[in-house]
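A, B, ... follow the sequence lines: proteins, then strands. Residue 1 opens every chain.
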Amino acid sequence: MRYLRKKITTGKAENVARSLLGHYLCRKTEDGLVKGMIVETEAYLSKNDQACHASRGKTRRNETMFGEAGKAYIYFIYGNYYCFNVVTGPIGQGEAVLVRAVEPLEGLDLMRERRGYPELDRDLTNGPGKLCQAFAIDRTLDGHELWQEPLYLKENSSINEKTEVKATPRIGISVATSKKLRYIISGSNYLSRRESLE
DNA sequence: GTTAAGATCTGCT
DNA sequence: GCAGATCTTAACG
């Protein structure tokens, strides 16, 4: 298994959001390795997207969003939680993909410890704040290059060609709610919301 | 300096 | 299904 080719994280956020599904997110700390498969993402565009942090220009918080594709954009929200994004656009563009949920694969015990031993394994990582807790991701990793340790993307060379991807409205935003920029692996048991019938 | 809102989660009903 | 916790950020004065 190799590191994810950098070009997969480069391009229009909608396309990258779709492409990242099924690949792996890995996190190494001195406590060990944690690994999960990406099952849910959201695209945040730079233009005509009021929900995107970059839509009102560069600030100290969002400046990595305007940086190089393949870097991590991490921000703190609601007084308690971090959200993890992959920057996708060329320098100056301001687009990114929010990783909302992964399926836990390795380091389950470490995730349980960090998450306070939830009853169900899917509660380890089925939400942007939860997966950051399980993966020990915080602002110190903002701007980190995702093709090297200790936080990196790895290729899944055996993604099922028949994997069904669905696009739905994004979650938790109050503007631009009609755009279908949330992408999920249909049928996954590790999504942040139960798949609705559409 | 002050204030209001936020790409969420948890626990309770 | 819904309200409360919690505090950083950015917009405004």
* Nearest-Å distance for atom pair CG/P, residues Asn126(A) and dT8(B) -> 13 Å
* **Donor-acceptor pair, side chain of Thr9(A) and main chain of Lys6(A), under 3.5 angstrom** => yes
* To do: Classify the angle between the aromatic ring planes of Tyr82(A) and Phe76(A) as parallel (below 30°), tilted (30 to 60°) or perpendicular (above 60°).
  => tilted
* Would you say Glu145(A) has more than 12 foreign heavy atoms packed within less than 6.0 Å of its CD? -> yes
* Structure fact -> dT6(C) -> Watson-Crick or G-U wobble partner, both distances under 3.5 Å, gives none
* Would you mind classifying the nucleic acid contact of Arg115(A) as base, sugar-phosphate or nothing, using non-hydrogen atoms under 4.0 angstrom? => sugar-phosphate
* Separation of Lys130(A) atom NZ from dG11(B) atom P, in whole Å? -> 10 Å
* Check whether the ring centres of His53(A) and Tyr75(A) lie less than 6.0 Å apart, and answer yes or no. => yes
* Given atom OH of Tyr81(A) and atom P of dT9(C), what is their separation to the nearest angstrom? -> 17 Å
Extract from the structure each pairing of a protein N or O with an N or O of nucleotides 1-7 of chain B at less than 3.5 Å, listing the distance.
| residue | atom | partner | partner atom | Å |
| --- | --- | --- | --- | --- |
| dG6(B) | OP1 | Ser174(A) | OG | 3.1 |
| dG6(B) | N2 | Tyr78(A) | N | 3.4 |
| dA7(B) | OP1 | His53(A) | NE2 | 2.7 |
| dA7(B) | N9 | Tyr75(A) | OH | 3.1 |
| dA7(B) | N7 | Ala51(A) | O | 3.4 |
| dA7(B) | N7 | His53(A) | NE2 | 3.1 |
| dA7(B) | N1 | Asn85(A) | OD1 | 2.5 |
| dA7(B) | N3 | Tyr75(A) | OH | 2.9 |

* Distance, nearest 0.5 Å, that separates CZ of Arg114(A) from OG1 of Thr29(A) -> 4.5 Å
* Asked: Does one side chain, of Asn62(A) or Thr64(A), offer a donor that lies under 3.5 Å from an acceptor on the other?
  -> no
* To do: Take atom CZ of Arg193(A) and atom P of dT8(B), then tell me their distance rounded to the nearest Å.
  => 8 Å
